[in-house]
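Notes follow the structure.
Numbering of residues begins at 1 and proceeds along the displayed sequence. Basis for what follows: all heavy atoms, side chains included, without hydrogens, waters or symmetry-related copies. Atoms within a ligand are numbered from 1 in the order they appear, just like the ligands themselves.
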Amino acid sequence: MTGLKIRRATEADAVPWTLLFDADGPRAEVEKYLVRGEQWLAEQAGKLVGQMVLMETRADTWEIMNIAVADARKGQGIGTAMLKKAKALSVQRGAHRLEVGTGNSSLRELAFYQRFGFRIVGVDFDFFVRRWGKVTKQGGIPLRDMIRMEMVLKAVS
Ligand SMILES: CC(C)(COP(=O)(O)OP(=O)(O)OC[C@H]1O[C@@H](n2cnc3c(N)ncnc32)[C@H](O)[C@@H]1OP(=O)(O)O)[C@@H](O)C(=O)NCCC(=O)NCCS
């Protein structure tokens with residue numbers, strides 16, 4: 001993708017809360033993985049267009065904890081470019097697995113991850129009911145469960 005730069009966020013960068021909250025919440029939960037994980041920023045012509053948070057969750061496993069693209073730039077390949085970066089970084093770190101979780105009602109996201117090669121490996125039942133204390137709807141579908149997805153990585157030789 002032309003002119004897209006994906007770089008690790010530094011302490012000098014403002015935390016992109018609008019993007020983080022587009023993908024997840026509430027703030028207290030997001031803050032937990034922001035502290036433990038690493039945030040990467042996608043920029044085009046010096047302008048922030050996306051971000052993701054990666055975290056090592058187990059000895060050989062990294063997870064995409066949060067990923068979001070600015071509204072005006074969605075559907076232009078930036079999210080896929082960030083997935084490629086997440087995969088490359090996980091391979092570099094020697095991980096054997098890259099994981100991600102999304103809502104049962106997030107149909108476009110389910111397509112986005114599977115198109116990239118993630119496979120569904122489980123369901124964390126009522127994850128979002130516990131997280132939000134209520135059931136919301138997306139396109140008429142109750143959001144209750146987290147669909148767990150993973151990609152098995154090949155080690156670099
Ligand atoms: C999901 C997301 C990161 C994808 O990034 P992107 O740059 O829009 O994705 P790409 O352009 O590489 O790929 C487009 C695909 O992403 C998916 N997608 C999900 N939500 C989308 C949206 N609001 N607009 C456009 N595409 C979206 C679709 O599968 C789309 O393919 P389609 O056009 O055939 O439907 C981005 O749309 C986003 O920020 N969504 C809101 C936050 C979110 O839900 N994050 C994931 C939480 S699990």
**Message:** On the six-membered ring of Trp62, is Arg97 placed so that its NZ or CZ lies under 6.0 angstrom from the centre and within 45° of the ring axis?
**Reply:** no

**Asked** Are any of the N/O atoms in Gly101 less than 3.5 Å from those in ligand 1?
**Response** no

**Asked** Nearest 0.5 Å, what's the CD1-OG1 distance between Ile141 and Thr136?
**Response** 11.5 Å

**For atom 42 (C) of ligand 1, closest protein heavy-atom neighbour** = Asp22 O, 3.5 Å

**Request:** Using a strict 4.0 Å threshold on nitrogen-to-oxygen distance, state whether Glu43 and Lys47 make a salt bridge.
**Result:** no

**Request:** Report the part of Phe21 in contact with ligand 1, treating N, CA, C, O as backbone and CB onward as side chain, heavy atoms under 4.0 Å; options are side chain, backbone, both, neither.
**Result:** neither

**Asked** Is there a nitrogen or oxygen of Thr80 sitting under 3.5 Å from a nitrogen or oxygen of ligand 1?
**Response** yes

**Message:** Give me the nearest non-hydrogen protein atom to atom 16 (O) of ligand 1 as residue plus atom name, then the distance to 0.1 Å.
**Reply:** Phe112 CD1, 3.4 Å

**Message:** With a 4.5 Å cut-off on side-chain heavy-atom distances among I, L, V, M, F, W and Y, is there a chain of contacts connecting Leu83 to Val53?
**Reply:** no

**Request:** Counting heavy atoms only, name the option from Ala70, Gly50, Gly75 that's nearest to atom 6 (P) of ligand 1.
**Result:** Gly75

**Fill in**
Only residue of Arg36, Glu99, Glu38 satisfying side-chain contact (heavy atoms from CB on, under 4.5 Å) with Met55 is Arg36

**Request:** Give the atoms of ligand 1, by number and element, whose distance to some non-hydrogen atom of Gln76 is under 4.0 Å.
**Result:** 11 (O)

**Prompt:** In the protein, what heavy atom is nearest to atom 39 (O) of ligand 1, and what distance, to one decimal place, separates them?
**Reply:** Val69 N, 2.8 Å

**Request:** Measure the CD-CG distance between Gln138 and Leu107 for me, rounded to the nearest 0.5 Å.
**Result:** 7.5 Å

**Prompt:** Is the distance between the ring centroids of Trp132 and Phe128 less than 6.0 Å?
**Reply:** no

**Candidate with minimal heavy-atom separation from atom 18 (N) of ligand 1, of Arg115, Met146, Arg108** = Arg108

**Request:** In plain terms, say whether Asp13 and Arg7 are close enough for a salt bridge, that is, a side-chain N and a carboxylate O under 4.0 Å apart.
**Result:** yes

**Nearest-contact summary for atom 48 (S) of ligand 1 - protein heavy atom, Å** = Thr102 OG1, 3.1 Å

**Fill in**
Ranked by distance from atom 45 (N) of ligand 1, the top protein heavy atom is Ile67 O, 2.8 Å

**Prompt:** Which residue holds the protein heavy atom closest to atom 23 (N) of ligand 1, what is that atom called, and what is the gap in Å?
**Reply:** Lys74 CD, 3.3 Å

**Request:** Could you please spell out the steps behind the side-chain contact (heavy atoms from CB on, under 4.5 Å) verdict for Leu143 and Val129?
**Result:** CA-CA 8 Å; Leu143 168 61; Val129 184; over 6 Å; no

**Prompt:** For Ala68 and ligand 1, does the shortest N/O to N/O distance drop below 3.5 Å?
**Reply:** no

**Asked** Salt-bridged, Arg131 to Asp126, with N to O below 4.0 Å?
**Response** no

**Shortest protein heavy-atom distance from atom 7 (O) of ligand 1, along with the residue and atom involved** = Gly79 N, 2.7 Å

**Message:** Counting non-hydrogen protein atoms only, what is the nearest one to atom 20 (N) of ligand 1? Give residue, atom name and distance.
**Reply:** Glu109 OE2, 3.1 Å

**Ligand-side contact atoms (ligand 1) for residue partner Gly77, heavy atom cut-off under 4.0 Å** = 10 (P), 11 (O), 12 (O)

